[in-house]
Amino acid sequence: MLNLILSTGNPAEFLKKRLKWKKVLPCRTYWQAPVSFSLSDPCLTFCRQTPAFATMLSSTDFASASWELVVRVDHPNEEEQKDVTLRVAGDLHVGGLMLKLVEQINISQDWSDFALWWEQKHCWLLKTHWTLDKYGVQADAKLLFTPQHKMLRLRLPNVKTVRLRVSFSAVVFKAVSDICKILISPGLYSRTMTPTYDPINGTPASSTMTWFSDSPLTEQNCSILAFSQPPQSPEALADMYQPRSLVDKTKLNAGWLDSSRSLMEQGIQEDEQLLLRFKYYTFFDLNPKYDAVRINQLYEQARWAILLEEIDCTEEEMMIFAALQYHISKLSLSAETQDFTHESEVDEVEAALSNLEVTLEGGKMDNTLEDITDIPQLADNLKLFRPKKLILKAFKQYWFIFKDTSIAYFKNKELEQGEPVEKLNLRGCEVVPDVNVAGRKFGIKLLIPVADGMNEVYLRCDHENQYAQWMAACILASKGKTMADSSYQPEVLNILSFLRMKNRNSASQVASNIETMDINPECFVSPRCAKKHKSKQLAARILEAHQNVAQMPLVEAKLRFIQAWQSLPEFGLTYYLVRFKGSKKDDILGVSYNRLIRIDATTGIPITTWRFTNMKQWNVNWEIRQVAIEFDQNVSIAFTCLSADCKIVHEYIGGYIFLSTRSKDQNETLDEDLFHKLTGGQD
């Protein structure tokens with residue numbers, strides 16, 4: 001899902017609400033003057049808003065009284081706005097006001113996109129059947145008659161900017177949805193239609209070019225959406241903001257716009273530049289045949305997150321990311337891209353039909369996971385370590401059995417029928433890889449929630465295959481899934497694929513290729529990483545890692561980059577600086593697609609985790625800007641957000657819960673009302 005973030009990074013100011021009253025005396029004749037109560041003092045006082053005036057009216061004439069209203073008009077093809085004065089009455093509805101306005105302007109054109117904007121109230125008057133009295137419009141109201149759709153500059157994740165005509169009156173959720181349809185449609189979630197993009201190089205198919213030519217992107221090259229851009233220079237990278245701590249990372253998430261309010265209501269001006277980014281890290285299936293634009297933009301957002309160290313990774317992982325970037329850059333610049341598509345890759349529809357055909361013929365497929373009544377389990381010798389103070393890190397071997405979402409371990413295999421030494425329930429735990437392929441180190445770090453914090457456990461595997469199986473099982477168990485889930489085997493294969501990319505190859509061909517490397521190697525790693533190595537050393541390591549990915553086609557390489565990004569421990573975590581109720585110090589709150597994590601702001605160590613599946617309710621006290629959440633087992637937390645407005649955190653929580661209710665049905669209609677119900681709140 002995409003959303004908008006302010007280019008300045010500053011949260012939009014909240015609007016001050018004013019309450020207007022009109023004094024009406026119960027007599028046949030009286031003085032009429034617009035007055036209002038001031039609420040800045042405990043005692044109500046009268047204050048005039050306009051110079052005093054007097055009109056002698058009878059009670060029967062009051063209902064038909066009229067007054068002058070000045071409306072400023074955004075005239076087409078004119079730089080200056082002009083004021084139009086109309087005589088109106090309080091019972092005139094907004095639609096009638098606009099009709100009178102257009103008649104008095106007397107310019108023949110299509111006015112259907114125009115609407116009234118109330119400057120003092122900072123709101124649109126879109127309910128045309130409402131009267132001026134119902135809206136509270138009086139003679140002092142400053143109204144602007146202006147188009148609802150205006151030009152906006154959007155900087156995409158690939159650092160390219162497009163100008164689009166966007167609705168400034170619709171809520172941001174709807175505006176972003178319309179933008180996505182322009183940039184990414186058609187065929188976003190349809191797998192049975194004709195591919196709209198070449199699955200290898202990502203270029204739009206000929207039939208798609210017609211659609212692009214009819215879109216607001218006519219004046220721009222549509223290939224900017226599906227192609228990655230040349231790498232930035234090391235100097236340009238060094239000038240960009242790079243967070244150095246978790247507290248710095250909280251600053252990255254302060255500028256998200258409110259999805260329940262319009263751009264105009266949040267102070268966005270015409271032709272202003274905003275950043276368009278993937279906000280929620282829950283992606284539907286990415287299919288190379290139909291999702292070239294989405295895959296490329298995801299790749300670009302992931303690439304910049306790695307280069308600017310918005311997400312942490314090891315130096316070994318940095319070289320893998322650099323090798324993939326180098327490979328993608330070469331293919332993107334190449335005039336001809338060879339088709340490396342594996343013939344074994346079969347369309348999912350064909351695979352389903354093949355499976356059905358074999359079943360009808362009485363054949364037996366090699367698919368042990370189709371029988372969900374038989375949940376697989378793992379059993380093997382692993383090493384375990386529990387960190388304790390003043391004790392050196394020493395691993396001890398046990399016999400482990402992984403079943404359902406729990407791990408039990410015994411002193412040896414012969415004792416597995418008895419009571420285990422301990423049983424670990426991994427539901428809701430944090431799973432962190434602890435791997436160094438070159439050093440043959442395959443470890444898994446588990447942070448298991450307990451009543452008073454997190455229980456830290458380290459597991460050590462003997463080889464890659466064992467690690468991939470146990471790591472995949474731990475990842476699924478943390479989400480409440482077992483190895484019977486259909487995603488288990490793909491997870492194992494993804495882990496193995498990532499490990500193999502880390503394998504150090506023979507340097508026989510690397511030395512000769514260094515001289516022919518036509519791109520600056522410092523462009524593919526973070527500035528801090530580049531400072532640790534000489535240019536030739538960096539190039540050698542990138543080329544060494546590149547040998548493992550050299551035969552990948554372009555779109556597959558981008559998908560591998562995204563998968564490697566998703567495998568990082570910090571992936572999908574959005575950080576905010578908060579103060580928990582009852583605490584005397586600030587903490588970091590990490591918001592993920594399925595959980596909240598309280599993190600020590602100084603050490604970066606997780607303190608405790610709360611899963612959304614255990615959440616009973618949450619609410620916001622808008623007066624003190626405090627978020628309160630109630631979980632199962634009488635667990636309650638409350639916090640105020642210090643690095644951003646609490647509405648942003650509230651919307652993140654509600655947004656992820658909304659996404660968890662969506663199925664993977666490609667034809668499912670987006671439930672906008674449910675999204676606003678979960679994320680809107682009351683200001």
For this session: Please round to the nearest 0.5 Å and tell me the distance separating atom CZ of Phe400 and atom CG of Asn381.
Result: 9.0 Å

Problem set entry | Side-chain donor/acceptor of Asp248 to backbone N/O of Pro243, under 3.5 Å | no

Exercise. Within the distance-only criterion (no hydrogens, no angle test), does the side chain of Ser332 pair as donor or acceptor with the backbone N or O of Ile328 below 3.5 angstrom?
Worked result: yes

For this session: Determine, step by step, whether Leu308 and Gln242 satisfy the side chain to side chain contact (heavy atoms under 4.5 Å, CB included) criterion, reporting the C-alpha distance in whole Å, the side-chain angles of both residues, the deciding distance to 0.1 Å, and the verdict.
Result: CA-CA 5 Å; Leu308 300 179; Gln242 300 162 54; 4.0 Å; yes

For this session: Determine, step by step, whether Val525 and Gln325 satisfy the side chain to side chain contact (heavy atoms under 4.5 Å, CB included) criterion, reporting the C-alpha distance in whole Å, the side-chain angles of both residues, the deciding distance to 0.1 Å, and the verdict.
Result: CA-CA 9 Å; Val525 297; Gln325 289 179 72; over 6 Å; no

Problem set entry | Gly654 versus Trp618, closest heavy-atom pair with distance | CA-CZ2, 3.7 Å

For this session: Specify whether Phe278 and Phe283 have parallel, tilted or perpendicular ring planes, treating 30° as the upper limit for parallel and 60° as the lower limit for perpendicular.
Result: perpendicular

For this session: Pick out which of Arg611, Lys445, Arg595, Arg598 makes a salt bridge (charged side-chain N to carboxylate O under 4.0 Å, His left out) with Glu430.
Result: Arg595

Exercise. Can you check whether Asp632's main-chain N or O pairs, donor with acceptor, with Asn614's side chain at less than 3.5 Å?
Worked result: no

Exercise. Which of parallel (below 30°), tilted (30 to 60°) and perpendicular (above 60°) describes Phe580 and Trp610?
Worked result: tilted

Exercise. Taking 4.0 angstrom as the limit, do Asp312 and Lys249 come out as a salt bridge?
Worked result: yes

Exercise. Heavy-atom distance under 4.5 Å between the side chains of Leu596 and Ile629, does that happen here?
Worked result: yes

For this session: Check for a donor-acceptor pair, side chain of Ser497 on one end and backbone N or O of Asn494 on the other, with a separation under 3.5 Å.
Result: no

Exercise. Hey, are the side chains of Asn296 and Ser228 touching, using non-hydrogen atoms and a 4.5 Å cut-off?
Worked result: yes

Problem set entry | From CD (Gln397) to CG (Leu382), nearest 0.5 Å | 8.5 Å

Exercise. For Trp565 and Arg303, what are the C-alpha separation, side-chain angles and deciding distance, and is it a side chain to side chain contact (heavy atoms under 4.5 Å, CB included)?
Worked result: CA-CA 9 Å; Trp565 174 48; Arg303 183 170 76 93; over 6 Å; no

Problem set entry | Any Phe639 side-chain heavy atom under 4.5 Å of Ser583 side chain | no

Exercise. How long is the gap from CZ on Arg294 to CD1 on Ile184, to the nearest 0.5 Å?
Worked result: 7.0 Å

Exercise. Between Glu651 and Ser259, does any side-chain donor sit less than 3.5 Å from a side-chain acceptor?
Worked result: yes

Exercise. Does the side chain of Met483 come within less than 4.5 Å of Leu476's, by heavy atoms?
Worked result: no

For this session: May I ask you to test the Thr679-Phe658 pair for a side-chain heavy-atom distance under 4.5 Å?
Result: no

For this session: Dump the intermediate steps for side chain to side chain contact (heavy atoms under 4.5 Å, CB included) on Glu491 and Lys481, then the final yes or no.
Result: CA-CA 12 Å; Glu491 186 70 39; Lys481 300 179 180 179; over 6 Å; no

Exercise. Taking all non-hydrogen atoms of both residues, which atom of Asn253 and which atom of Tyr575 are closest, and how far apart?
Worked result: ND2-O, 3.2 Å

Exercise. Just by distance, do the side chain of His327 and the backbone of Met552 share a donor-acceptor pair under 3.5 Å?
Worked result: yes

Seminar exercise, completed: Of all heavy-atom pairs linking Ala379 and Trp399, the shortest is CB-CZ2, 3.7 Å

For this session: Would you verify whether the NZ or CZ of Lys279 falls within 45 degrees of the ring axis of Tyr652 while also being under 6.0 Å from that six-membered ring's centre?
Result: yes

Exercise. Taking NZ, NE, NH1 and NH2 as the nitrogens, is one of them in Arg386 or Glu422 under 4.0 Å from a carboxylate oxygen of the other?
Worked result: yes

Exercise. Can you tell me how far the CG atom of Leu237 sits from the OG atom of Ser526, to the nearest 0.5 Å?
Worked result: 9.0 Å

Problem set entry | pair Ile295-Leu559: side-chain heavy atoms closer than 4.5 Å | yes

Seminar exercise, completed: dist Glu310:CD -> Leu252:CG (nearest 0.5 Å) comes out at 5.0 Å

Exercise. Going from CD on Gln232 to CH2 on Trp304, what distance comes out if it is rounded to the nearest 0.5 angstrom?
Worked result: 4.0 Å

Exercise. What pair of heavy atoms forms the shortest contact from Cys461 to Ile444, and how long is it?
Worked result: SG-CD1, 4.4 Å

For this session: Give me the one residue out of Tyr593, Phe571, Tyr656 that meets ring pair (Phe, Tyr, Trp, His ring centres under 6.0 Å) with Tyr281.
Result: Phe571

For this session: Measure up the Tyr280 and Phe675 rings against each other and bin them: parallel (under 30°), tilted (30 to 60°), perpendicular (over 60°).
Result: perpendicular

For this session: Evaluate salt bridge (charged side-chain N to carboxylate O under 4.0 Å, His left out) for Lys531 paired with Glu522, printing each intermediate quantity in order.
Result: CA-CA 9 Å; Lys531 291 178 182 178; Glu522 286 84 359; over 6 Å; no

For this session: Using a cut-off of 6.0 Å, state whether more than 12 heavy atoms not belonging to Lys534 lie near its atom NZ.
Result: no

Exercise. Would you call Leu298 and Asp291 a side-chain contact if the rule is heavy atoms closer than 4.5 Å?
Worked result: no

Problem set entry | Nearest heavy atoms of Leu426 and Cys474, plus distance in Å | CD1-SG, 3.9 Å

Seminar exercise, completed: Closest heavy-atom pair, Ser643 versus Leu577, reported as atoms and distance to 0.1 Å, is OG-N, 3.0 Å

Exercise. Hey, does the side chain of Glu570 reach the backbone of Cys313 with a donor-acceptor pair shorter than 3.5 angstrom?
Worked result: no

Exercise. Parallel, tilted or perpendicular: which describes the rings of His546 and Tyr326, with under 30° parallel and over 60° perpendicular?
Worked result: perpendicular

Exercise. Would you say the side-chain atoms of Asp485 and Ser487 include a donor-acceptor pair closer than 3.5 Å?
Worked result: yes

Exercise. Does the Glu309 side chain pair with the main chain of Arg244, one donor and one acceptor, at a distance under 3.5 Å?
Worked result: no

Exercise. Are Arg277 and Glu300 within salt-bridge range, i.e. N to O under 4.0 Å?
Worked result: no

For this session: Check whether any side-chain heavy atom of Phe524 sits under 4.5 Å from a side-chain heavy atom of Leu538, and report yes or no.
Result: no

For this session: May I have the step-by-step check of salt bridge (charged side-chain N to carboxylate O under 4.0 Å, His left out) for Asp600 and Lys585, ending in yes or no?
Result: CA-CA 10 Å; Asp600 188 288; Lys585 67 185 185 83; 3.4 Å; yes

